[in-house]
Amino acid sequence: MGFGVSYVLHLLLLFCTIFGCAWSQDGDVMQKLKASIKSSRSLDWSDSDYCKWENVTCSESRVTRIELQSHSLTGSLPKELVQLTALTDFYCSENNLHGDFPNMPNSLQNLYIYKNNFTSMPSDFFDNMSNLLVVSIGDNSFTQWEIPISIKKCLALKTFSANNASFVGEIPEIFGKENFPSLVTLQLSYNYLEGNLPNSLAGTSIETLWVNGQDKSTNRLNGTLSVIEKMTSLKQLWVNVNSFTGPIPDLSNLTQLTDVCFRDNRLTGVVPPTLTSLPSLKVVNLTNNQLQGSPPKFQNGVSVDNDLSGTNSFCTEGAGQPCSPLVNALLSVVEPLGYPYILAQTWKGNDPCGGNTWKGVVCSGGNISIIDFRNLGFSGSVSPSFASLSSVTKLLLSNNNLTGTIPNELANMPALKEIDVSNNSLYGQIPKFRGDVVVNTDGNPDIGHDKPSSPPSPSSGGNDKKKFSVGAIVGVVIGVVCLLGVGVLVFVMCRRRYNKRNGKVQTPNAIVIHPRHSGDGNAVKISVAAAGGSHAGGVGGTSGFSQSSSVQNVEAGNMMISIQVLREVTNNFSEKNILGKGGFGTVYKGELDDGTKIAVKRMQSDMGGDKGLNEFKSEIAVLTKVRHRHLVALLGYCLDDNEKLLVYEYMPQGTLSEHLFDRKDDGVKPLEWKRRLSIALDVARGVEYLHGLAQQIFIHRDLKPSNILLGDDMRAKVSDFGLVRLAPEGQASFETRLAGTFGYLAPEYAVTGRVTTKVDVYSYGVILMEMITGRRAIDNSQPDENIHLVTWFRRMQLNKDSFQKIIDPAMDIDEEGLESFRTIAGLASHCCAREPHQRPDMGHVVNALAPLVEVWKPSEPDAEDMYGIDLDMSLPQALSKWQNMEGQSTTLDVSYSSMIPSCENTQSSIPPRSPGFADSFTSADAR
Ligand SMILES: *[C@@H]1O[C@H](CO)[C@@H](O)[C@H](O)[C@H]1NC(C)=O
Ligand SMILES: *[C@@H]1O[C@H](CO)[C@@H](O)[C@H](O)[C@H]1NC(C)=O
Ligand SMILES: *[C@@H]1O[C@H](CO)[C@@H](O)[C@H](O)[C@H]1NC(C)=O
Ligand SMILES: *[C@@H]1O[C@H](CO)[C@@H](O)[C@H](O)[C@H]1NC(C)=O
Ligand SMILES: *[C@@H]1O[C@H](CO)[C@@H](O)[C@H](O)[C@H]1NC(C)=O
Ligand SMILES: *[C@@H]1O[C@H](CO)[C@@H](O)[C@H](O)[C@H]1NC(C)=O
């Protein structure tokens with residue numbers, strides 16, 4: 001009997017393995033879940049079909065959502081939940097579930113488990129969860145753990161909320177914009193965190209940051225709040241109940257900040273006007289710090305905590321009332337020391353020589369006679385404001401870590417008898433003190449020299465600004481020198497390489513895939529739309545126009561594709577399937593059963609870890625934010641420690657480069673002039689969109705013919721977004737590490753590393769020149785003076801006689817064509833103007849090209865909208881559209897076991913690759 005049952009079960013299992021049995025699989029798991037939890041409220045889970053259970057949602061018999069929040073549940077969760085591989089939403093918050101929280105399937109997007117009694121999460125929980133958008137795990141009884149580093153793989157994460165989640169240790173440097181381009185909410189209140197706020201928070205898109213209340217242990221968060229200055233998206237900032245020190249930073253760039261809570265820290269210094277006058281501010285709390293100066297007066301309508309004075313060290317009690325000149329003088333003396341806490345504690349009231357004893361200040365006859373800052377561990381510089389303390393006879397600053405010079409103003413202090421600055425790190429000339437002043441400068445190794453022999457030790461004080469600028473200048477100088485060095489080296493290597501292989505490097509692309517959990521078990525269904533042809537718009541489609549969905553944050557949900565599927569369709573990444581190689585990886589053609597082709601870009605795994613990862617993330621972040629008919633669309637990706645793969649639609653005609661320069665004798669005909677014009681317009685429209693129509697400014701940085709792909713209708717799309725940078729909001733130019741391709745680099749970018757949209761305009765101009773002449777940007781087969789296309793082109797253009805000789809001999813141009821030819825040649829030169837401001841913007845280029853192309857508008861109907869934008873769908877929407885169109889498209893089923901992590905390491909099967917250095921390069925950070 002027992003034998004019989006197990007035999008049948010085995011058969012069933014075998015059957016399921018072969019044919020897939022989602023129904024039975026999800027059914028088993030749901031029964032396990034049902035058995036392990038109890039609800040004291042009614043929860044109707046009686047139907048034999050679990051898809052009809054209350055608060056359970058299915059799609060094609062697969063469980064996609066389980067919503068059990070606030071159901072008075074007790075019990076624990078079964079390990080088998082990980083097998084619900086179509087699950088996107090799991091909500092069980094506000095119950096009394098206990099035990100270890102289990103692993104979840106990597107299809108999961110939204111996880112809400114706060115307010116339970118779970119005792120742990122698996123240490124590898126976040127390892128493969130790259131579809132997560134929201135994680136909310138606070139208020140559980142976890143045993144102490146550190147913030148798991150592996151959440152940095154959750155590329156699409158928007159919210160990470162873990163208040164009262166028993167985190168210990170420091171906040172790791174992972175919450176930067178490289179890892180989390182879309183992170184908006186970071187909540188880490190009421191944990192046991194210690195150490196400083198990570199510097200990587202600078203420049204992030206975080207709007208809500210809670211790190212308040214690390215008050216359950218002796219260690220709290222400490223250090224200064226200076227990183228906040230650069231968190232310009234912040235709306236709500238709660239840092240209360242910690243041990244932060246130093247002054248409130250300059251908040252002038254936090255133009256959306258409405259709610260800020262600084263109370264219960266060790267903040268010192270004068271409340272900056274950038275806070276009191278911040279227009280967006282609505283709520284501010286400052287109580288229980290050692291803030292100094294005049295009590296701040298906020299604008300009408302701002303709620304301030306009512307016990308503002310509390311334990312603060314303001315000089316008066318009335319908001320906005322000024323401090324005495326002596327107090328102001330003392331405050332400016334300690335400003336470059338970062339307003340030391342030890343002084344702020346006792347510096348209360350408006351009279352340093354009144355009742356209280358001010359640390360470091362000795363009075364005599366109602367006037368300050370001695371400043372005694374010896375042995376206080378101060379860092380920072382010596383303020384010239386000491387000179388305004390005219391009654392001081394002794395200035396004692398010895399045995400600190402002071403840097404900078406002794407200000408000349410100090411020599412004018414009328415009553416000064418003694419100055420002791422011994423045992424610091426001061427340098428420079430000693431001011432000419434009067435003969436009767438005793439001056440002690442011993443123990444300052446660099447005193448008397450112009451510059452310190454070694455860089456000053458880092459300071460935590462308010463002197464940061466000054467040092468920073470010195471550091472920055474040194475950094476820039478070193479950076480430029482290195483850059484030039486690397487540049488020359490790279491240039492030499494590139495030229496060698498060009499000579500060797502005639503510059504044939506492409507990053508082709510082609511797209512069209514889409515994986516999805518189908519109704520039958522462990523199978524993944526890939527629906528493949530006919531590539532090219534009428535679908536040249538990729539998944540963009542042309543229906544509707546809902547701006548809101550497309551330009552939002554990364555919506556990478558459902559985009560993860562398993563390595564097994566990609567391996568299957570590319571013959572295990574066979575050499576034979578290589579479409580091309582670029583600086584960041586190899587592109588493989590995928591061949592489906594019915595012969596439909598797709599393209600899979602496999603990022604080079606030997607590209608020094610993080611850099612490759614950054615290009616990968618950049619590409620995903622950009623492509624999920626922008627959608628346009630003339631930008632290649634991303635359909636999916638696969639991420640693992642060793643594997644980074646991107647899947648695009650297939651562009652059957654390959655790269656523009658192949659059509660201009662690399663024509664094989666057989667087949668490919670040279671492009672006619674009309675075609676070139678229409679390609680030029682397509683590219684211009686794609687780039688115009690990147691530059692601003694997408695609401696944010698994206699800069700491509702690597703435009704070139706090998707990054708322009710052609711469909712069967714010869715319409716073009718821009719590809720390869722690995723180097724794209726998002727311009728910081730409201731900023732037209734910004735510094736970045738140099739990256740791009742020689743021949744296409746705008747001169748100012750190559751020299752300064754500052755990038756603007758005009759950098760792309762320059763590269764675009766070079767491409768126009770290439771299309772006109774059929775010559776490469778850098779053509780080593782030419783005599784030396786003609787190698788550089790832009791230089792040669794300009795020279796030829798000046799000479800009316802030779803002008804027509806620049807036309808690509810491979811094409812015939814008639815009279816009519818010649819007219820447009822002159823216009824385009826002029827436009828190309830204009831785009832390559834030496835000064836960025838002399839170059840047109842892409843909108844202008846589109847306007848110049850459009851009328852010329854209209855003349856030869858392709859005969860096939862063109863559903864282009866006003867800007868040629870396909871803002872209509874987010875990627876998940878587009879993908880489900882393809883699903884629905886499945887009937888008209890080809891489908892392929894690939895079975896695989898859902899139990900195998902979807903991005904399994906396939907190192908052993910990777911064909912050996914040369915450590916190639918292709919036509920893209922990046923140099924060390926210029927700063
Ligand atoms: C659960 O289902 C019940 C009945 O359909 C519904 O009233 C309730 O809102 C659902 N709860 C959640 C959290 O979805
Ligand atoms: C949480 O679980 C622990 C044991 O795991 C138990 O002692 C405690 O009472 C539970 N708390 C609640 C609120 O149920
Ligand atoms: C800040 O906290 C860390 C970790 O608790 C500690 O090692 C360090 O000494 C603290 N720094 C200051 C200045 O208190
Ligand atoms: C604010 O932004 C401007 C412009 O980007 C910049 O020059 C300035 O340094 C920023 N201020 C701070 C305090 O970071
Ligand atoms: C901050 O101040 C506001 C306004 O007085 C008050 O309503 C709020 O409770 C305070 N918050 C904290 C955390 O103290
Ligand atoms: C100066 O700084 C160093 C390290 O930053 C520290 O070890 C030393 O104690 C400091 N000296 C004084 C006098 O505070």
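Remember, it's 1-based here, ligands and their atoms both numbered in the order they're listed.
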Tyr112 ring center within less than 6.0 Å of Phe90 ring center: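 No: the rings miss the under 6.0 Å criterion.
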Look only at interatomic distance and state if Asn285 has a nitrogen or oxygen under 3.5 Å from any nitrogen or oxygen of ligand 5.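 Yes, Asn285 has an N/O under 3.5 Å of an N/O on ligand 5.
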Proximal atoms of ligand 1 relative to Gln69 (non-hydrogen, under 4.0 Å):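 What qualifies from ligand 1 is 13 (C).
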Sub-4.5 Å side-chain heavy-atom contact between Trp53 and Asp44: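 Contact flag for Trp53/Asp44 side chains = no.
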Mark up the atoms of ligand 5 that fall under 4.0 Å of a heavy atom belonging to [X], in ascending order.
| X | answer |
| --- | --- |
| Cys261 | 13 (C) |
| Ser303 | 4 (C) |
| Val304 | 5 (O) |
| Asp305 | 2 (O), 5 (O) |

State, without any angle test, whether [X] and [Y] hold a side-chain donor-acceptor pair at a distance under 3.5 Å.
| X | Y | result |
| --- | --- | --- |
| Thr74 | Asn96 | no |
| Ser189 | Asn212 | yes |
| Ser93 | Gln69 | no |
| Gln321 | Ser294 | no |

Close-range residues for ligand 3, whose non-hydrogen atoms fall below the 4.0 Å threshold: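 Shell around ligand 3 (4.0 Å, heavy atoms): Glu194, Gly195, Asn219, Asn222.
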Measure the acute angle between the ring planes of Phe373 and Phe378, then classify it against the limits of 30° and 60° as parallel, tilted or perpendicular.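 Ring orientation, 0 to 90° scale: perpendicular.
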Show me the side-chain donor-acceptor pairs of residues 258-269 shorter than 3.5 Å, one per line, residues at least two apart or across chains.
{"residue": "Thr258", "atom": "OG1", "partner": "Lys235", "partner atom": "O", "Å": "3.1"}
{"residue": "Asp259", "atom": "OD1", "partner": "Trp238", "partner atom": "NE1", "Å": "3.4"}
{"residue": "Asp259", "atom": "OD2", "partner": "Gln236", "partner atom": "NE2", "Å": "2.9"}
{"residue": "Asp259", "atom": "OD2", "partner": "Trp238", "partner atom": "NE1", "Å": "3.3"}
{"residue": "Asp264", "atom": "OD1", "partner": "Asn288", "partner atom": "ND2", "Å": "3.0"}
{"residue": "Asn265", "atom": "OD1", "partner": "Asn242", "partner atom": "N", "Å": "3.2"}
{"residue": "Asn265", "atom": "OD1", "partner": "Ser243", "partner atom": "N", "Å": "3.3"}
{"residue": "Asn265", "atom": "OD1", "partner": "Phe244", "partner atom": "N", "Å": "3.1"}
{"residue": "Asn265", "atom": "ND2", "partner": "Val239", "partner atom": "O", "Å": "3.0"}
{"residue": "Asn265", "atom": "ND2", "partner": "Phe262", "partner atom": "O", "Å": "3.1"}
{"residue": "Asn265", "atom": "ND2", "partner": "Arg263", "partner atom": "O", "Å": "3.4"}
{"residue": "Thr268", "atom": "OG1", "partner": "Tyr339", "partner atom": "O", "Å": "2.6"}

So, does Thr346 use its side chain to make a donor-acceptor pair with the main chain of Lys359 at under 3.5 Å?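 Confirmed, Thr346 side chain pairs with Lys359 backbone.
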If you measure every N/O of His71 against every N/O of ligand 1, is any gap under 3.5 Å?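 In fact, backbone or side chain, His71 has no N or O that close.
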